[in-house]
Amino acid sequence: IEAGEAIVIANAEGARTTPSVVAFAKDGERLVGVTAKRQAVTNNERTFMSVKREMGTDWKEGVDDNQYTPQEISAFILQKLKADAEAYLGHEVKQAVVTCPAYFTDAQRKATKDAGRIAGLEVLRIINEPTAAAIFFGMSSGIVSSASEKSTKLMVYDLGGGTFDVSIMAINGTRFQTLATDGDVRLGGKDFDERVVNLMANQFIEDHGLDPRTDPEDCAQMWLDAESIKKSLSERQKISTTCHHSGLRSRIEFTREEFERNTSDLLSRTEITTELVLKESGLVWDDIEHVVLLGGSSRMPMVQKLLSRISGKSINQSISPD
């Protein structure tokens, strides 16, 4: 809290968000965040992304002579956040509140808490991500007030990199209540990226008869390019890129229309979940006063168009989805 305002502490690289990526360099050095993401192309087999999807499972992955669990990989990310916060604040950070998807099971929540413990933190509480978003939105918009007896209903639509969830929240004065929630641990921005990777590969196969996805480094580069293309198409109508493999290359052009057409089924999955959660809450769209968009992938214009269509409301990004 600075000057009465809550701020996000920037990490060592100066950014307010840290990619959930962990890598082990060839010399054994552990990299976390943007440095890990940058070398994913040349070190793909020793790089871990989207491990959140594996929380609470018996997933394990080996590097050199070590086997790592999802809790341990997550702990490396939390350790970096802890260290960056300590450098900014000038003192040790011992405690934390950690958020997780609202539909996480007890096993997944325990794994999340274990990750915090491994990172050297006392996890005071695990709270749902939409609850955290509702608290921020409620505080910053002035809805939260001890003097207010009004009940405000809001929907939190969270399309992150690896997971999706949607929750209906009620704010009564200073009390937050989850009326309904559901989601998909296997749906996120990564799945939209994969469609772009496949489009790039299909064009290269058509041009040269070879599949660039068979080369680990070329495939990793395509994934990075796909994420960049997805982000660019949120701002522009079309963009082009070059795909390289086996000394050959293909120039590929993408349009927003093509991207939206090839990912429409993924978006439809979020629509089905959204309507089910609304029904479960016992409310109708007219009862929902605010729709809060969360997660970087909610920046895609088609997300806002979908929600505007099904709700009959004007939906826009009123707060940072990060």
Side-chain angles (χ1 to χ4, degrees), residues 49-50 52-53 101-103 129-130 155-168 180-207 211-213 219 222-241 243 250-280 284-285 288 291-318 321-322:
M49 300 183 184
S50 299
K52 180 178 177 180
R53 292 184 171 189
Y103 54 86
E129 288 162 0
M155 172 181 285
V156 179
Y157 176 104
D158 184 358
L159 186 58
T163 58
F164 168 72
D165 63 56
V166 59
S167 298
I168 308 292
T181 188
D182 200 359
D184 190 337
V185 76
R186 299 282 171 182
L187 177 62
K190 181 179 179 181
D191 301 285
F192 289 80
D193 297 344
E194 184 176 22
R195 296 296 172 85
V196 178
V197 168
N198 292 339
L199 287 170
M200 293 169 67
N202 291 340
Q203 182 62 57
F204 197 93
I205 292 167
E206 186 177 320
D207 292 346
D211 189 343
R213 292 169 296 192
C219 186
M222 290 169 69
W223 275 92
L224 289 179
D225 291 343
E227 183 182 20
S228 178
I229 289 165
K230 177 188 69 179
K231 290 179 178 178
S232 294
L233 288 175
S234 291
E235 306 292 333
R236 301 160 60 180
Q237 290 296 329
K238 63 181 179 179
I239 189 171
S240 58
T241 190
C243 183
S250 286
R251 190 74 175 166
I252 305 166
E253 185 173 276
F254 293 90
T255 64
R256 183 187 291 178
E257 181 184 4
E258 180 187 24
F259 172 74
E260 292 182 351
R261 185 172 63 251
N262 280 277
T263 57
S264 61
D265 62 308
L266 300 176
L267 194 67
S268 292
R269 284 165 61 185
T270 77
E271 178 181 356
I272 291 167
T273 300
T274 300
E275 295 286 17
L276 284 173
V277 169
L278 186 66
K279 185 177 180 180
E280 184 185 331
V284 295
W285 279 110
I288 305 297
V291 177
V292 180
L293 300 180
L294 204 62
S297 295
S298 71
R299 287 188 171 96
M300 294 186 293
M302 63 179 180
V303 167
Q304 292 156 54
K305 283 193 293 185
L306 165 73
L307 290 170
S308 293
R309 175 176 61 78
I310 64 176
S311 70
K313 302 171 183 288
S314 176
I315 306 295
N316 53 59
Q317 212 122 32
S318 57
D322 300 321

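The structure displayed is predicted, hence computed values, not measured ones. Position 1 is the first residue of the sequence, and the numbers go up from there.
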Handout entry: Shortest non-hydrogen separation from Thr263 to Phe192 and the atoms involved
Key = CB-CD2, 3.6 Å

Exercise for the section: Report the C-alpha distance between Ile288 and Leu278 in whole Å, list the side-chain angles of each, state the deciding distance to 0.1 Å, and finish with yes or no for side chain to side chain contact (heavy atoms under 4.5 Å, CB included). Expected result: CA-CA 9 Å; Ile288 305 297; Leu278 186 66; 4.0 Å; yes

Problem - Pair Asp207-Gln203, side-chain donor/acceptor within less than 3.5 Å - result: yes

Practice task
For the pair Leu199 and Ile252, evaluate side chain to side chain contact (heavy atoms under 4.5 Å, CB included) and give the outcome as yes or no after the intermediate values.
Solution key: CA-CA 9 Å; Leu199 287 170; Ile252 305 166; over 6 Å; no

Problem - Nearest heavy atoms of Ser297 and Val303, plus distance in Å - result: O-CG2, 3.9 Å

Practice task
Would you list the pairs meeting salt bridge (charged side-chain N to carboxylate O under 4.0 Å, His left out) in which at least one residue belongs to residues 254-264, sequence neighbours left out?
Solution key: Glu260-Lys305

Problem - Closest non-hydrogen atom pair, Leu293 against Ser298 - result: CB-OG, 3.7 Å

Problem - Salt bridge Lys279-Asp182, side-chain N to carboxylate O under 4.0 Å - result: no

Practice task
Check the surroundings of atom CD in Glu235: do more than 12 heavy atoms from other residues, nucleotides or ligands lie under 6.0 Å from it?
Solution key: no

Exercise for the section: Rounded to the nearest 0.5 Å, what's the gap from OG on Ser250 to CE on Met200? Could you check? Expected result: 9.5 Å

Handout entry: Note, Ile310 side chain near Trp285 side chain (heavy atom, < 4.5 Å)
Key = yes

Problem - Heavy-atom side-chain proximity of Leu159 to Met300 below 4.5 angstrom - result: yes

Exercise for the section: Compare all side-chain heavy atoms of Pro130 with those of Asp165 and state whether any distance is below 4.5 angstrom. Expected result: yes

Problem - Other residues, nucleotides, ligands: >12 heavy atoms within 6.0 Å of Lys313 NZ - result: yes

Problem - Heavy-atom side-chain contact between Trp223 and Glu194 under 4.5 Å - result: yes

Practice task
State, with a plain yes or no, whether a side-chain heavy atom of Asn198 is found less than 4.5 Å away from one of Asn262.
Solution key: no

Fill in the blank from the handout: Separation between CZ (Arg299) and OG (Ser234), nearest 0.5 Å, reads 8.5 Å

Fill in the blank from the handout: Rounded to the nearest 0.5 Å, the OG1 atom of Thr163 sits from the CZ atom of Arg186 at a distance of 11.0 Å

Handout entry: Side-chain ion pair, Arg53 and Asp191, N-O less than 4.0 Å
Key = yes

Under 3.5 Å, side-chain donor or acceptor atoms of residues 268-276 against the rest of the protein: list the pairs with distances, not counting sequence neighbours.
residue : atom : partner : partner atom : Å
Ser268  : OG   : Ser264  : O            : 2.9
Arg269  : NH2  : Asp184  : OD2          : 2.7
Thr270  : OG1  : Tyr157  : OH           : 2.8
Thr270  : OG1  : Leu267  : O            : 2.7
Glu271  : OE1  : Arg309  : NH2          : 3.2
Thr273  : OG1  : Arg269  : O            : 3.2
Thr274  : OG1  : Thr270  : O            : 2.7

Completion exercise
Between the OG1 atom in Thr181 and the CE atom in Met155, the distance rounded to the nearest 0.5 Å is 10.5 Å

Exercise for the section: Would you please name every residue forming a side-chain hydrogen bond (donor to acceptor under 3.5 Å, both in side chains) with Asn202, sequence neighbours left out? Expected result: none

Practice task
Measure the spacing between CG of Leu266 and CE of Met302 and express it to the nearest 0.5 Å.
Solution key: 7.5 Å

Fill in the blank from the handout: So CZ of Phe254 and CD1 of Ile239: to nearest 0.5 Å the spacing works out to 9.5 Å

